[in-house]
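So that the names make sense, note that chain A is the first sequence line, chain B the second, and so on, each numbered from 1. All values below were derived from every heavy atom in this structure, side-chain atoms included, with hydrogens, water molecules and symmetry-related copies excluded.
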Amino acid sequence: MGGAYIEDVHAVARLIPPGRVTTYGAIADFLTLGSARMVGWALYQGLATGEAVPAHRVVNRRGELTGRNHFPTPTCMQERLEAEGVVVVDDRIPAFDECFWSPASLLDT
DNA sequence: TGGATGACGTCAG
DNA sequence: TCTGACGCCATCC
């Protein structure tokens, strides 16, 4: 084992401000994982191990809630986002461009 | 050891 | 916008 990058992904996920979302690619690029798949997999491990990771704030590049199937309920991810003020329609975020948050913004200060 | 798998991304048609 | 194909890399069996 030694999946240290898993903790990195969790750390970045916790840095996502409420009401904002980010993408797998953004995290993958920020952590230089090289593959966005690793991000989704790492987040899945977080839920599987019971880690407190706001994985619902991580969506794909098109703003689709592709990972909702891994939550306790298919609507859990959507309800959590809506509770934070993120509008979700048809498992998608129409205002994704406005809600998008990049981990790179931490460096900008 | 090696093939299959996966919460994706990018490119081409 | 959608579909199909390839790459990506760690983990599972």
Side-chain angles (χ1 to χ4, degrees):
Chain A
M1 320 268 264
Y5 69 95
I6 293 181
E7 295 183 4
D8 290 337
V9 174
H10 294 183
V12 174
R14 294 194 188 96
L15 293 174
I16 304 173
R20 292 298 183 94
V21 296
T22 190
T23 67
Y24 302 95
I27 297 176
D29 184 66
F30 182 72
L31 299 176
T32 60
L33 295 177
S35 184
R37 267 193 160 138
M38 302 296 89
V39 178
W41 175 83
L43 288 172
Y44 171 67
Q45 295 302 315
L47 294 180
T49 56
E51 292 286 317
V53 181
H56 60 278
R57 294 177 188 154
V58 184
V59 298
N60 70 357
R61 202 190 181 287
R62 283 177 12 187
E64 298 173 319
L65 285 52
T66 52
R68 81 196 139 120
N69 293 304
H70 294 271
F71 280 77
T73 61
T75 58
C76 182
M77 192 172 184
Q78 178 176 337
E79 290 180 9
R80 283 196 177 193
L81 287 173
E82 291 182 332
E84 295 181 353
V86 180
V87 179
V88 179
V89 179
D90 190 30
D91 301 329
R92 190 182 315 185
I93 303 175
F96 172 70
D97 186 59
E98 298 178 14
C99 300
F100 176 71
W101 175 87
S102 176
S105 65
L106 295 173
L107 303 177
D108 187 49
T109 348

Taking every heavy atom of A:Phe71 against every heavy atom of A:Gly67, the minimum-distance pair comes out as CD1-O, 3.4 Å

How many Å lie between CG on A:Asp29 and C1' on C:dC8, as a whole number?
14 Å

Output the single nucleotide from B:dC8, B:dA7, C:dC9 whose closest atom is nearest the side chain of A:Asn60.
B:dC8

Kindly say whether, by distance alone, the side chain of A:Tyr44 makes a donor-acceptor pair under 3.5 Å with the base of B:dA7?
no

Indicate, with a heavy-atom threshold strictly under 4.0 Å, whether A:Ala28 touches base, sugar-phosphate, or nothing.
nothing

What do the steps show when you test A:Glu7 against A:Glu51 for side chain to side chain contact (heavy atoms under 4.5 Å, CB included), and what is the final call?
CA-CA 10 Å; A:Glu7 295 183 4; A:Glu51 292 286 317; over 6 Å; no

Map A:Arg92 and A:Leu33 onto DNA chain C by nearest heavy atom, then report which one ends up closer to the 5' terminus.
A:Arg92

Using a cut-off of less than 4.0 Å, is there contact between a side-chain N or O of A:Ser35 and OP1 or OP2 of B:dG9?
no

Once you round it to whole Å, what is the distance between P of C:dA10 and CG of A:Leu31?
13 Å

What is the distance, to the nearest angstrom, from the CD atom on A:Gln45 to the P atom on C:dA10?
14 Å

Nearest-neighbour nucleotide for the A:Arg37 side chain, C:dA10, C:dC8, B:dA7 considered:
C:dC8

Map A:Met38 and A:Gly25 onto DNA chain B by nearest heavy atom, then report which one ends up closer to the 5' terminus.
A:Met38

In whole angstroms, how far is the C1' atom of B:dA7 from the OH atom of A:Tyr5?
13 Å

Please work out if A:Leu47 contacts a base, only the sugar-phosphate, or nothing of the nucleic acid, heavy-atom cut-off 4.0 Å.
base

Side chain of A:Trp41: nearest nucleotide among B:dG9, B:dA7, C:dT11?
C:dT11

A:Phe96 CZ to B:dC8 P: how many Å, rounded?
13 Å

In whole angstroms, the gap separating P of C:dA10 from CD1 of A:Ile27 amounts to 17 Å

Ignoring backbone atoms, establish whether A:Arg61 has a side-chain N or O less than 4.0 Å from OP1 or OP2 of B:dT10.
yes

Would you say C:dC2 has OP1 or OP2 under 4.0 Å from some side-chain N or O of A:Arg62?
yes

Crowding at CG, A:Asn69 (>12 non-hydrogen neighbours, <6.0 Å):
yes

Partner of A:Leu65 under side chain to side chain contact (heavy atoms under 4.5 Å, CB included), picked from A:Asp90, A:Val58, A:Leu81, is A:Leu81

Atom CG of A:Asp91 and atom C1' of B:dA7 are separated, to the nearest Å, by 13 Å

Nearest whole angstrom, please: distance from the C1' of B:dC8 to the CG of A:Asn69.
15 Å

Option among A:Leu15, A:Ile16, A:Val39, A:Val59 that satisfies the side chain to side chain contact (heavy atoms under 4.5 Å, CB included) test with A:Thr22:
A:Ile16

